[in-house]
Trainee: 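Structure incoming, see below.
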Amino acid sequence: TDSQHGVSSRKLERIKEEVAGYK
Amino acid sequence: DAAKSIIDLAVYGSAQNRSYERLALFVDTIGNRVSGSDNLKKAIKYMYSALQDDKLQNVSLESVKVPHWERGKESAMMLQPRQKNLAILGLGGSVGTPPEGISAEVIVVSSFAELQSREQEAKGKIVVYNQPYVSYGETVQYRSRGASEAAKVGAVASLIRSVASLSINSPHTGWQDYQNGVPKIPTACITVEDAELMARLSSRGVKIVVQLNMGAVQHPDADSFNTVAEIVGSKYPEQVVIVSGHLDSWDVGQGAMDDGGGAFISWEALSLIRDLGLRPKRTIRLVLWTGEEEGGVGSSQYYERHKVNIRNMDLVMESDIGTFMPVGMQFSGKPEARVIMSEVMKLLAPINITKLYDNAEGTDISFWMQAGVPGASLLDDASRYFWFHHSEGDTMTVQNPIWMNHCAAVWTVVAYVVADLEEMLPR
């Protein structure tokens with residue numbers, strides 16, 4: 001878990017990739 | 001490449017200038033749209049028809065009750081030490097004067113604290129507030145509370161320096177709140193110039209007398225509507241992203257800036273998504289609020305009616321501080337949601353508007369945000385916003401089609417991407 005954001009790092013990376021897919 | 005497609009269509013493609021041109025046609029046809037007025041009724045009918053013509057889904061009107069305050073004829077004249085007409089705008093909700101008006105000596109103060117310290121002098125007088133403009137949020141307290149604070153010390157009326165960051169002798173109106181148990185006295189805004197004039201005269205010990213006439217009338221609450229249209233989601237249609245602005249305005253100018261621009265870039269967001277044949281997983285719902293200027297009257301009733309579905313409200317977005325050149329987005333939500341929103345804003349790199357700021361604001365979305373729903377508001381270069389706000393200067397001339405194109409691009413990319421992500425924003 002990312003200590004700053006309280007969200008799973010793996011999940012965060014997955015969402016970042018998902019968002020990047022809209023470029 | 002949805003984000004790039006949206007940006008290209010809004011800023012460079014066939015949809016460029018559309019929100020500006022739609023807004024110009026609307027405000028030139030309808031004019032200003034104060035709560036309870038025939039103009040507002042016409043505006044809602046106009047939009048109901050326009051949204052249907054635009055082939056949007058689930059176009060509907062949701063009934064609400066709104067205040068109906070009518071300005072009537074009003075004037076003010078400084079009688080002593082010399083005759084001078086004072087440009088005024090009565091404040092929404094103010095009582096009128098007796099038909100013969102009120103003629104009284106003036107006491108000028110620069111703060112509530114000064115009024116308290118001079119309360120013995122205020123009885124039977126007209127209180128003129130010459131408070132400096134610090135910020136809208138701080139200074140607007142004088143407009144909201146000035147009448148009741150003056151009435152508490154026995155004043156017969158209050159005249160308040162307009163809450164404006166620049167003035168060319170232009171009064172600015174707004175809503176004011178009477179306190180329960182305190183006599184209601186007439187209250188209006190005067191210009192910055194006249195407030196400073198009377199402050200200078202007063203500081204020299206000159207006696208000032210003003211004649212005030214206000215024909216304001218408070219009618220019973222009127223029927224009105226929030227105007228709604230949707231692009232229904234393909235996978236989670238019950239989950240919603242709201243994009244919004246308010247359709248009502250004050251009864252001066254055209255309400256092109258406040259909040260015609262916000263309302264029409266919100267409409268534009270749905271049009272752009274429809275034009276591109278995009279269909280997000282969640283529903284994007286356009287809501288054009290009514291009765292915002294009287295304190296979010298339409299939006300509060302919308303919240304009460306729909307809060308049962310709050311768990312399906314993904315993001316509430318409102319544009320109500322102008323549609324000047326956008327600089328980014330303000331966001332309120334949990335840190336996890338902020339991380340995602342920061343990623344979404346990166347999609348706007350082609351137009352260099354990628355910044356995510358704190359503290360989304362907007363009266364109409366505040367009810368949802370207070371209940372924990374993530375909120376976003378458009379942040380633009382609003383340095384001139386309070387030059388025109390609530391004044392005769394709020395006209396189409398303030399607006400710029402290129403700025404509106406960029407606003408629409410930002411608004412649409414954020415609304416579409418958040419609505420299309422596999423998961424709702426964390427909350």
Side-chain angles (χ1 to χ4, degrees), chain A, chain B residues 1-10 235 241 269 272-273 276 278-282 284 314-315 329 331 333-354 356 374 376 409-427:
Chain A
T1 300
D2 184 310
S3 58
Q4 185 181 356
H5 304 301
V7 64
S8 149
S9 296
R10 186 179 301 170
K11 182 175 176 180
L12 186 61
E13 286 308 310
R14 183 180 58 72
I15 296 173
K16 283 182 177 179
E17 286 176 15
E18 185 185 1
V19 173
Y22 291 94
K23 279 180 184 170
Chain B
D1 60 352
K4 186 68 164 47
S5 299
I6 291 168
I7 292 167
D8 285 346
L9 180 60
K235 189 171 181 182
V241 169
L272 290 168
I273 292 166
L276 288 167
L278 299 170
R279 191 170 176 206
K281 297 184 182 74
R282 285 176 205 82
I284 298 182
D314 189 10
L315 175 68
M329 191 78 82
F331 179 73
K334 299 200 87 170
E336 296 92 328
R338 172 171 296 281
V339 171
I340 297 167
M341 289 295 288
S342 296
E343 293 299 312
V344 174
M345 292 304 292
K346 289 178 183 174
L347 299 172
L348 290 153
I351 49 174
N352 197 27
I353 304 167
T354 58
L356 189 69
V410 173
W411 214 222
T412 309
V413 167
V414 172
Y416 173 75
V417 173
V418 171
D420 198 52
L421 291 175
E422 190 54 42
E423 295 180 42
M424 287 177 65
L425 292 175
R427 52 207 281 182

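Nothing here was measured: the structure is a model prediction, and the numbers come from that model.
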Trainee: For the residue pair A:Glu18 and B:Leu421, establish whether any side-chain heavy-atom pair is separated by less than 4.5 Å.
Mentor: yes

Trainee: Would you indicate whether B:Lys281, at its atom NZ, is surrounded by more than 12 heavy atoms from other residues, nucleotides or ligands within a distance under 6.0 Å?
Mentor: yes

Trainee: For B:Glu423, is there an ion pair with A:Lys11 - N to carboxylate O distance below 4.0 angstrom?
Mentor: yes

Trainee: List the residues meeting salt bridge (charged side-chain N to carboxylate O under 4.0 Å, His left out) with B:Lys4, not counting sequence neighbours, and say none if there are none.
Mentor: B:Asp8

Trainee: To the closest 0.5 Å, what do you measure between OG (B:Ser342) and NZ (A:Lys16)?
Mentor: 9.0 Å

Trainee: Please name the pair of heavy atoms, one in A:Val19 and one in B:Leu347, separated by the smallest distance, quoted to 0.1 Å.
Mentor: O-CD2, 3.5 Å

Trainee: In residues 410-417 of chain B, what donor-acceptor pairs under 3.5 Å come from side-chain atoms, sequence neighbours left out?
Mentor:
unit_1   : atom_1 : unit_2   : atom_2 : d
B:Trp411 : NE1    : B:Ser266 : OG     : 2.9
B:Thr412 : OG1    : B:Ala408 : O      : 2.5

Trainee: If only atom types and distance count, is the side chain of B:Glu343 paired as donor or acceptor with the main-chain N or O of A:Ile15 below 3.5 Å?
Mentor: no

Trainee: Please check this pair: side chain of A:Tyr22 against backbone of B:Asp420, looking for a donor-acceptor N/O pair closer than 3.5 Å.
Mentor: yes

